[in-house]
Amino acid sequence: QVQLVEFGGGLVQAGGSLRLSCAASGRTFTRYAVGWFRQAPGKERAFVGAVSWSVGTTYYADSVKGRFTISRDNAKNTVYLQMNSLQPEDTAVYYCAAHQGHPPRLTRLEYDYWGQGTRVTVSS
């Protein structure tokens, strides 16, 4: 079992930056892939990006590629989502999720463990 907790959400002006953290407890990420998803009001939960913990390969949705970066810190058992050049359309609740093995899956139905989410609001 893996328990995930997200931190770092908040209110930011358009063009600003935030860094989200996803910390794991119970088990380490070593044997898992970790993904980031987001859900805006009235919309489906959408893939943002993912990383294979052991290999380090990252994947990004076209909507965030070039603006968002996923990184990992094995010592802290934490995955980060650095978000730059934020725009109002990035407003959503952001979730981290995990599944066993790699490469990372790109759809939410394939993830087994989820955090509670952290809210990001980008004002215009």
Side-chain angles (χ1 to χ4, degrees):
Q1 296 292 321
V2 175
Q3 294 80 46
L4 306 175
V5 179
E6 301 96 339
F7 297 96
L11 176 64
V12 64
Q13 292 184 337
S17 299
L18 286 173
R19 189 179 73 164
L20 307 183
S21 301
C22 175
S25 62
R27 301 181 69 175
T28 68
F29 283 135
T30 303
R31 298 180 176 87
Y32 291 80
V34 180
W36 286 95
F37 293 79
R38 65 186 182 183
Q39 188 165 20
K43 296 185 178 181
E44 299 294 324
R45 191 169 298 186
F47 174 78
V48 174
V51 62
S52 173
W53 186 264
S54 59
V55 177
T57 304
T58 54
Y59 305 83
Y60 299 98
D62 289 341
S63 59
V64 305
K65 191 173 184 179
R67 299 188 298 124
F68 292 9
T69 303
I70 295 173
S71 61
R72 69 197 196 279
D73 187 331
N74 189 58
K76 297 181 179 180
N77 206 34
T78 298
V79 174
Y80 302 98
L81 179 66
Q82 178 67 46
M83 305 185 294
N84 299 325
S85 301
L86 285 163
Q87 300 299 315
E89 54 265 34
D90 296 315
T91 295
V93 176
Y94 284 71
Y95 300 86
C96 66
H99 67 77
Q100 292 182 316
H102 58 270
R105 309 306 183 193
L106 306 183
T107 61
R108 68 181 190 275
L109 296 178
E110 298 179 272
Y111 284 78
D112 302 306
Y113 308 101
W114 292 84
Q116 294 300 307
T118 184
R119 188 178 302 275
V120 173
T121 302
V122 184
S123 62
S124 59

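Just so we're clear, the structure is a prediction, and the values are computed from it rather than from any experiment. Count residues from 1 along the sequence.
The cluster map of Ile, Leu, Val, Met, Phe, Trp and Tyr, joined by side-chain heavy atoms under 4.5 Å apart, puts Y94 and F37 in different clusters. No continuous path of ILVMFWY side-chain contacts below 4.5 Å connects L11 to V93, so the two sit in separate hydrophobic clusters. Hydrophobic clustering keeps L18 apart from Y95 (ILVMFWY residues linked when any side-chain heavy atoms are closer than 4.5 Å, directly or through intermediates).
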Open item on the list: Apply ring-ring contact (aromatic ring centres under 6.0 Å, His included) to residues Y59 and F47 and explain how you reach the verdict.
Closed with: CA-CA 10 Å; Y59 305 83; F47 174 78; 7.8 Å; no
- [ ] Decide side chain to side chain contact (heavy atoms under 4.5 Å, CB included) for W36 and V79; before the verdict, give the C-alpha distance in whole Å, the side-chain angles of both, and the deciding distance to 0.1 Å.
- [x] CA-CA 9 Å; W36 286 95; V79 174; 3.6 Å; yes
- [ ] With side chain to side chain contact (heavy atoms under 4.5 Å, CB included) as the test, would you mind laying out the steps for R38 and V64 before giving the verdict?
- [x] CA-CA 11 Å; R38 65 186 182 183; V64 305; 3.9 Å; yes
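Put simply, the side chain of T121 never gets that close to the backbone of T91: no donor and acceptor are under 3.5 Å apart. A donor-acceptor pair under 3.5 Å links the side-chain atoms of E6 to the main chain of Q116, judged by distance alone. Proximity of a side-chain donor or acceptor of Q13 to a complementary backbone N or O of S123 within less than 3.5 Å is not detected. Here the side chain of T78 pairs a donor or acceptor atom with the backbone of K76 at under 3.5 angstrom.
For E110, the CD atom counts as densely surrounded, since its 6.0 Å shell holds more than 12 non-hydrogen atoms of other residues, nucleotides or ligands.
Between H99 and R105, the shortest heavy-atom distance links the atoms NE2-N, 2.9 Å. When all heavy atoms are compared, the tightest approach of L4 to A24 is CD2-CB, 3.9 Å. Contact record, A50 with Y111: CB-OH, 3.7 Å, taken as the closest heavy-atom pair.
Ring-plane geometry between Y113 and Y32 is classed as perpendicular, the angle between the planes exceeding 60 degrees on a 0 to 90 degree scale with a lower cut at 30.
Proximity of R67 to Y60: side-chain heavy atoms (C-beta onward) are nowhere separated by under 4.5 Å. At a threshold of 4.5 Å between non-hydrogen side-chain atoms, the residues R72 and W53 count as touching. With contacts defined as side-chain heavy-atom distances shorter than 4.5 Å, the pair V120/M83 qualifies.
Across L86, L20, N84, a single residue satisfies side chain to side chain contact (heavy atoms under 4.5 Å, CB included) together with F68, and that is L86.
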